[in-house]
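Given the structure is predicted, the values throughout are model-derived calculations rather than measurements.
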Amino acid sequence: MSTLNIVFAGTPEFGLPSLEALLHSKHHIKAIYTQPDRPAGRGRKLQASAVKEWALSQKIAVYQPVNFKNPEAIAELAALNPDVMVVIAYGLILPKAVLEIPRLGCINVHASLLPRWRGASPIQSALLHGDTESGVTIMQMDAGMDTGAMLHKVSCPITTSETAQTLHDKLAQISAHPLLQTLDELAAQTAKPEIQNNELATYASKINKEDACINWQHSATEIDRKIRAFNPWPIAYTTLREETLRIHQAKVVDQSFSQAPGTVISIDKKGMLIATGDLSLLVERIQLPGGKVISIADWLNSSKAQVDAGFVF
């Protein structure tokens, strides 16, 4: 079976397991595209992407165009003469001129079971909506938003304690095998594209920090999903005396109370029990402004916890 010359386009660490698999496959990574270095941290120093750091460690050529509106950026990619472009969470829109460069087209590794959760936040959306299953779809890219024909799918269950981080890690790991299968089939001309059913499509919009604000009128189940979906970013939060209180871990308690939603029912070393629009929520791990993530028990021991039963968030 023939060896393919691959250009890889990706930015965050989600793509690293697939890159490792490609590196050890019979195919050749000719170059890597990733977004430009961005300011990060308190010092706002330029930070290379996880994919760039990996590429440099493997001595693979790295390209970082701001976009593909410049004809020179398109010509630079065309000069690499790739057989296929593998795209994983790149973060840049690829125009038609780029999609047509590779001989076998561009394929995308998408973190959902398409056509469910097309768009920017498929992992978070699956958790927010209580999906019991997620997965990865390898698709042939076209000009639409995750609308291309599907080449391979692999699924995994979503547990009741799943966070965006744990699901991200699971999906990153299971991406590699179907990606290699797809590349082998493209090389052998045995791939069988399956057209997506647009009537079943759902969309995962881009997440903003404001989306993580907790509305205590919502049910405990909905709030718990938000806490898990927005961990590790942007972290669900509520307001405590005009300060932001971030909630990293909680669990639903199958018990309702007469107090108004947002009212602290009790607080002890097990956690802070809060009334919601339906049932109640036991908050277990929090973060105060400028502080570390701590348990409610440690918060109580620190003498900084100025919350008693009856307090209303």
Report task. Please report the C-alpha distance between Gln64 and Lys52 in whole Å, then the side-chain angles of each, then the deciding distance to 0.1 Å, and finally whether the side-chain hydrogen bond (donor to acceptor under 3.5 Å, both in side chains) criterion is met. Result -> CA-CA 9 Å; Gln64 296 179 274; Lys52 179 180 178 178; 2.9 Å; yes
What distance separates [X] [atom1] from [Y] [atom2], expressed to the nearest 0.5 Å?
| X | Y | atom1 | atom2 | value |
| --- | --- | --- | --- | --- |
| Arg246 | Asn231 | CZ | CG | 11.5 Å |
| Glu76 | Asn70 | CD | CG | 9.5 Å |
| Tyr203 | Arg116 | OH | CZ | 13.0 Å |
| Ile107 | Gln140 | CD1 | CD | 7.5 Å |
| Leu46 | Asp37 | CG | CG | 6.0 Å |
| Ser280 | Ile274 | OG | CD1 | 9.5 Å |

Requested in this report: Give the intermediate values and the outcome of side chain to side chain contact (heavy atoms under 4.5 Å, CB included) for residues Glu284 and Gln249.
Outcome: CA-CA 5 Å; Glu284 297 171 316; Gln249 184 178 312; 3.0 Å; yes
Query raised in the report: Given Ser155 and Glu133, is the side-chain hydrogen bond (donor to acceptor under 3.5 Å, both in side chains) satisfied, shown in steps?
Result: CA-CA 7 Å; Ser155 63; Glu133 183 183 45; 3.3 Å; yes
For the student: nearest non-hydrogen atoms of [X] and [Y], plus distance:
| X | Y | result |
| --- | --- | --- |
| Val136 | Leu113 | N-CD2, 4.1 Å |
| Pro193 | Ala149 | CB-CB, 3.7 Å |
| Ala204 | Pro122 | CB-N, 3.7 Å |
| Ile29 | Leu22 | CD1-CB, 3.8 Å |
| Ser205 | Ser121 | O-OG, 2.5 Å |
| Ala31 | Ile60 | CA-CG2, 4.0 Å |

Query - Aromatic ring proximity, centroids under 6.0 angstrom, His110 and Trp117 - result: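 Here the rings of His110 and Trp117 have centres that are no less than 6.0 Å from each other.
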Is [Y] paired with [X] through a side-chain N to carboxylate O contact shorter than 4.0 Å?
| X | Y | result |
| --- | --- | --- |
| Asp224 | Lys251 | no |
| Lys26 | Asp184 | yes |
| Glu100 | Lys96 | yes |
| Lys192 | Glu185 | no |

Report yes or no: do [X] and [Y] form a side-chain donor-acceptor pair below 3.5 Å?
| X | Y | answer |
| --- | --- | --- |
| Glu13 | Trp54 | no |
| Ser175 | Ser18 | no |
| Asp169 | Gln173 | no |

Under 3.5 Å, side chain of [X] to main-chain N/O of [Y], donor-acceptor pair present?
| X | Y | result |
| --- | --- | --- |
| Thr163 | Thr166 | yes |
| His152 | Ile138 | no |
| His218 | Ile214 | no |
| Lys226 | Cys213 | yes |
| His129 | Ser125 | yes |
| Gln196 | Asp146 | yes |
| Thr137 | Leu114 | yes |

Heavy-atom side-chain proximity of [X] to [Y] below 4.5 angstrom:
| X | Y | value |
| --- | --- | --- |
| Val252 | Leu279 | yes |
| Cys156 | Leu167 | yes |
| Val253 | Leu281 | no |
| Pro17 | Glu20 | no |
| Leu240 | Val307 | yes |
| Met85 | Val98 | yes |
| Gln165 | Trp233 | no |
| Ile207 | Pro234 | yes |

Same apolar cluster: [X] and [Y], side chain cutoff 4.5 Å:
| X | Y | result |
| --- | --- | --- |
| Tyr63 | Phe8 | no |
| Val87 | Ile123 | no |
| Ile223 | Met272 | yes |
| Ile247 | Phe313 | yes |
| Val51 | Leu23 | yes |

Query raised in the report: Taking atom CG of Asp254 as the centre, does the number of heavy atoms from other residues, nucleotides or ligands within less than 6.0 Å exceed 12?
Result: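 Atom CG in Asp254 is not crowded, with 12 or fewer foreign heavy atoms closer than 6.0 Å.
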Report task. Could you check Glu53 against Gln58 for side-chain hydrogen bond (donor to acceptor under 3.5 Å, both in side chains), going step by step and ending with a plain yes or no? Result -> CA-CA 9 Å; Glu53 290 182 348; Gln58 302 298 329; over 6 Å; no
Requested in this report: Could you give me the CA-CA distance, side-chain angles and deciding distance for Glu162 and Lys170, then say whether salt bridge (Lys or Arg N to Asp or Glu O under 4.0 Å) is met?
Outcome: CA-CA 10 Å; Glu162 203 86 70; Lys170 283 162 61 171; 2.8 Å; yes
Requested in this report: Report the C-alpha separation of Ile267 and Ile296 in whole Å, then their side-chain angles, then the decisive distance to 0.1 Å, and conclude whether the side chain to side chain contact (heavy atoms under 4.5 Å, CB included) test is met.
Outcome: CA-CA 8 Å; Ile267 181 167; Ile296 294 297; 3.9 Å; yes
Report task. Report the C-alpha separation of Arg118 and Asn198 in whole Å, then their side-chain angles, then the decisive distance to 0.1 Å, and conclude whether the side-chain hydrogen bond (donor to acceptor under 3.5 Å, both in side chains) test is met. Result -> CA-CA 10 Å; Arg118 295 173 177 173; Asn198 291 327; 2.7 Å; yes
**Report entry** Steps toward side chain to side chain contact (heavy atoms under 4.5 Å, CB included) verdict (Gln259, Ile265)
**Finding:** CA-CA 8 Å; Gln259 287 93 331; Ile265 305 302; 3.6 Å; yes
**Report entry** side chain to side chain contact (heavy atoms under 4.5 Å, CB included) between Val62 and Tyr33, worked out
**Finding:** CA-CA 6 Å; Val62 177; Tyr33 275 70; over 6 Å; no
Query raised in the report: So which of Asp83, Val86, Leu104 actually passes side-chain contact (heavy atoms from CB on, under 4.5 Å) with Ile6?
Result: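 Between Ile6 and the candidates, side-chain contact (heavy atoms from CB on, under 4.5 Å) is satisfied uniquely by Val86.
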